[in-house]
Participant: 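Starting off with a structure, shown below.
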Amino acid sequence: MSLAPPVNPYRALPATEALRRHPDLAPWVTELGPDLVLPWIRQALDAARAAIAQGHPSPTLEDLIAQVRQAIESHLLLRLRGVINATGVVLHTNLGRAPLSRAARAALVQAAQGYTNLEYDLARGRRGHRGRGLAALLAAVTGAEDGLVVNNNAAAVMLILRGLAARRRVLIARTQLIEIGGGFRIPAILQQSGAKLVEVGTTNKVRLSDYEAALQQQPIALVLWVHRSNFRIVGFHEEPDLPALAALAQRHGVPLVADVGSGALLDTTRYGLPPEPTVQQALAAGADLVAFSGDKLLGGPQAGLIVGRRRWVQRLARHPLMRALRVDKLTLAALEATLQHYLRDEAEREVPVWAMLSARPEVLRARATAWQQATGLGTVQATQSAVGGGSLPAATLPSAAWVLATAHPHRLARALRVRPTLPIVARVAQGRVWLDPRTVLPEHDAEVARAVAEAWAQGE
Ligand SMILES: *Cc1c(COP(=O)(O)O)cnc(C)c1O
C-alpha cells in the first residue's frame, strides 16, 4: 500500500520574479517599468494564496499571468494615454476631439519647458495681461474688434450670460433650447447664470414677429441665438436668419449673442459637407458677440472663444468669474499657433482636423489597401466617415476602410484597445472590425498594420 506524497499547493506557486520575467508581461514591463508591474503581480499571488487557504487548488501559471494582465489592463488603461483613432469620426469627443498641428505641439512644449511672458509686458518690463496676444490674433483672423478665451465654450456662454444678463431677461427661440453632449443644456446654463429665460415661438416655427413682440413687452438684456449643432429639424420649420435677427436686436438696442458651437473658420461646403455657420459669417451678420469651441472645427486645444464688440468683450474680461474660467499658458500657446495657420491661409494643410476632412477618398483607399497588402489580412471596403463632436449631425464623407472578418470581432477590437503601446480604437459593425484611415495620423500607418497582424496572430 503506497500513498502519494502530499503536494504543497503553496509550493506550486511561481516566484514573483518568474512572473515578472514572463514574456506575456514583457510589453507591460517595457511600457510601465518593472516597479509599476510588481504590485499587480503581488496582488495576484496574494489572491492565489487566499484561495488555496480556502481549499482551492493552486492556479496554473497561465491563469496567474492572465489575472495580472487583466488587473493591469483594467486599472492602468484608465491613465490618460495617446490612442490611434481608427473610427473615422474626426471630432471624437471621447477621444479628446481635435489632434493638434505640429506647430501647436511645438508651441505647447516650448511654453511648458521654461518661463513665458504669460502676464508680462516685455516692452515695458512690467506686469502685462494674459491673453492679449491671442485677442489680437482672434481679431485678425475673424475680423472682430476684440476677443477673449476661457476654458471651453460652455464656460464662454456661461460668462456671457452671467456678465451681461444676470437677473435680467434673455430671449431665445424654442427651436434652440438644445442639449449638447455632456449635459450642456441651454435652459440649465441660463438658470445657472442667473439670467431669466424668455422663450419665443414654438418647437418648429419661430417668426421675427415673435421676437419683436417679446422685445416690446419687457426689458430684455440680450438675444441669444444658438446653433443647433447636433441635430436637424426637417419639414414644417421656419426661423428668422441671423442678419434679420441682428437688425431687429439692434433696432431695440439689445446685444445679439451667437453661440455657433463648432467654431468653423473655413467654409465646410468646400469639402462636400453641409454648411456650418462660420464665425466670420456670424460677425458679418451683425452678432455683437460670437462664442465657439477651440477643439471642434477650429482644430485647436480645448477652449472657449468669445469675439465681437470691444465694449462687451472688455466688460467680460473684467468680470470676477473670468478669474475662475481663465486658461493656462499651454492652452494659450497651442491656440495662438493654431490661429496662425488660419492667418497664413495654410489651415487645410496644417490643422489635422481640416487635413482629415479634406482627405480624398482615393488617398484613403490607397492607405487602407497598403494595410491590407502589408498583412495579407482582410479586405478594403467603401465606408463613410463622420465629422462628430456635435458638428454636422447627418454629414458623412466617403472613405475606404480596412475590414477584418473574424468569428470574434469584439475580441479583436478589444485586443487592439488594450495593447500596451498606442491603443487602437476601431469600429465593430456587421460582425466585422473596421479601420478607417481618415482619422489615423499618417505617421501611425505602420503601427496599425503591425498591431492588427499581432492581435490577429494571437486571436486565431
Ligand atoms: C459644443 C457646443 C457647446 C459646448 O462647447 P464645449 O467647448 O464642449 O464646452 C456649446 N454650444 C454649442 C452650440 C456647441 O455646439
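Read the numbers this way: they start at 1 and go in the same order the structure lists the ligands and their atoms.
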Participant: Is Q280 reaching over with its side chain to a backbone N or O of L265, donor-acceptor style, under 3.5 angstrom?
Facilitator: yes

Participant: Which one of E348, E346, E350, R349 satisfies the side-chain hydrogen bond (donor to acceptor under 3.5 Å, both in side chains) criterion with H341?
Facilitator: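 In the set E348, E346, E350, R349, the residue that makes a side-chain hydrogen bond (donor to acceptor under 3.5 Å, both in side chains) with H341 is E346.
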
Participant: Extract all N/O-N/O pairs under 3.5 Å that connect ligand 1 to the protein, and present each with both atom names and the distance rounded to 0.1 Å.
Facilitator:
{"residue": "ligand 1", "atom": "5 (O)", "partner": "S293", "partner atom": "OG", "Å": "3.1"}
{"residue": "ligand 1", "atom": "7 (O)", "partner": "N153", "partner atom": "N", "Å": "3.0"}
{"residue": "ligand 1", "atom": "7 (O)", "partner": "S293", "partner atom": "OG", "Å": "2.7"}
{"residue": "ligand 1", "atom": "8 (O)", "partner": "R97", "partner atom": "NH1", "Å": "3.0"}
{"residue": "ligand 1", "atom": "8 (O)", "partner": "R97", "partner atom": "NH2", "Å": "3.0"}
{"residue": "ligand 1", "atom": "9 (O)", "partner": "N153", "partner atom": "N", "Å": "3.2"}
{"residue": "ligand 1", "atom": "9 (O)", "partner": "A154", "partner atom": "N", "Å": "2.9"}
{"residue": "ligand 1", "atom": "11 (N)", "partner": "N153", "partner atom": "ND2", "Å": "3.4"}
{"residue": "ligand 1", "atom": "11 (N)", "partner": "D259", "partner atom": "OD1", "Å": "3.3"}
{"residue": "ligand 1", "atom": "11 (N)", "partner": "D259", "partner atom": "OD2", "Å": "2.7"}
{"residue": "ligand 1", "atom": "15 (O)", "partner": "S229", "partner atom": "OG", "Å": "2.5"}
{"residue": "ligand 1", "atom": "15 (O)", "partner": "K296", "partner atom": "NZ", "Å": "2.8"}

Participant: Do T439 and H92 come within less than 4.5 Å of each other through their side chains, counting heavy atoms only?
Facilitator: no

Participant: Could you pull out every donor-acceptor pair under 3.5 Å between side chains of residues 153-160 and any protein atom, sequence neighbours left out?
Facilitator:
{"residue": "N153", "atom": "OD1", "partner": "F292", "partner atom": "N", "Å": "3.3"}
{"residue": "N153", "atom": "ND2", "partner": "D259", "partner atom": "OD1", "Å": "2.9"}

Participant: Kindly give the heavy-atom pair with the smallest separation between R79 and L36, and that separation in Å.
Facilitator: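 Heavy-atom minimum between the residues: NH1-CD1, 4.0 Å.
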
Participant: Between W28 and P420 (side chain of the first, backbone of the second, donor and acceptor by atom type, cut-off under 3.5 Å), is there such a pair?
Facilitator: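 Not a single qualifying donor-acceptor pair exists.
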
